[in-house]
Amino acid sequence: MKTFESLFAELSEKADTKQAGSLTVDELNKGTHFIGKKIVEEASETWIAAEYEGADRTAEEMSQLIYHLQVMMIDRGITLEDIYRNL
């Protein structure tokens with residue numbers, strides 16, 4: 001099972017090595033605007049799932065939102081410590 005920290009480490013490694021075929025690298029190459037649109041999309045899908053689709057579907061959408069948030073963190077050079085300092 002992945003944790004917030006292990007996912008961030010995995011995504012950071014893919015970004016650092018420019019892993020071929022990585023969707024994370026592809027998203028990073030598309031830039032901040034594209035990543036931001038994915039965050040908005042997943043946030044709205046999380047809300048809809050919470051309203052109408054139950055806990056399992058909501059958790060799935062939340063996990064996708066967390067993924068895209070972490071891609072944005074990498075894109076903008078934001079560390080886990082930066083996030084934890086602001087929680």
Side-chain angles (χ1 to χ4, degrees):
M1 180 182 308
K2 292 181 185 180
T3 63
F4 192 81
E5 290 82 3
S6 70
L7 176 63
F8 190 75
E10 177 185 330
L11 300 180
S12 295
E13 176 69 19
K14 289 178 181 182
D16 289 344
T17 62
K18 308 269 191 268
Q19 183 178 10
S22 166
L23 295 176
T24 300
V25 172
D26 183 53
E27 188 165 323
L28 287 165
N29 287 338
K30 290 179 180 175
T32 305
H33 186 83
F34 179 85
I35 300 164
K37 286 171 46 177
K38 293 302 290 183
I39 290 170
V40 170
E41 174 188 339
E42 296 303 338
S44 65
E45 290 175 357
T46 297
W47 171 34
I48 297 302
E51 287 278 348
Y52 303 108
E53 299 176 9
D56 287 342
R57 183 78 176 116
T58 302
E60 180 182 347
E61 292 298 342
M62 286 176 168
S63 70
Q64 292 173 23
L65 177 57
I66 288 168
Y67 165 80
H68 293 291
L69 287 169
Q70 287 197 356
V71 173
M72 182 68 85
M73 288 171 64
I74 294 164
D75 178 66
R76 305 315 308 160
I78 296 170
T79 67
L80 292 173
E81 291 75 24
D82 295 328
I83 298 300
Y84 296 152
R85 186 173 51 253
N86 287 285
L87 285 179

Residues passing the side chain to side chain contact (heavy atoms under 4.5 Å, CB included) test with Asp82, sequence neighbours excluded, are Ile78, Thr79, Arg85
Minimal heavy-atom distance between Leu28 and Ala15, with the atoms involved, is CD1-CB, 3.5 Å
Please tabulate, for side-chain N and O atoms in residues 63-74, each donor-acceptor pair with protein atoms closer than 3.5 Å (sequence neighbours left out).
unit_1	atom_1	unit_2	atom_2	d
Ser63	OG	Glu60	O	2.6
Tyr67	OH	Thr24	OG1	2.8
His68	ND1	Glu27	OE1	3.2
His68	ND1	Glu27	OE2	2.9
Gln70	OE1	Phe8	N	3.0
Gln70	NE2	Phe4	O	3.0

Taken in chain and number order and not counting sequence neighbours, the residues that satisfy side-chain hydrogen bond (donor to acceptor under 3.5 Å, both in side chains) with Tyr52 are none
Is the CG atom of Asp26 crowded by more than 12 outside heavy atoms at less than 6.0 Å? yes
So the salt bridge (charged side-chain N to carboxylate O under 4.0 Å, His left out) pairs with at least one residue in residues 61-78 (sequence neighbours excluded) are Arg57-Glu61
Quick note, side-chain hydrogen bond (donor to acceptor under 3.5 Å, both in side chains) partners involving residues 11-21, not counting sequence neighbours, are Glu10-Lys14
Checklist entry - Same cluster or not: are Trp47 and Val40 linked, directly or through other Ile, Leu, Val, Met, Phe, Trp or Tyr residues, by side-chain heavy atoms under 4.5 angstrom apart? => result no
Between Leu7 and Ile35, is there shared hydrophobic-cluster membership here, with clusters defined by ILVMFWY side-chain heavy atoms closer than 4.5 Å?
yes
Legend entry - Short side-chain to backbone donor-acceptor contact, Thr58 and Ala49, under 3.5 Å: yes
Residues 34-45 vs salt bridge (charged side-chain N to carboxylate O under 4.0 Å, His left out), sequence neighbours excluded, gives Lys38-Glu41
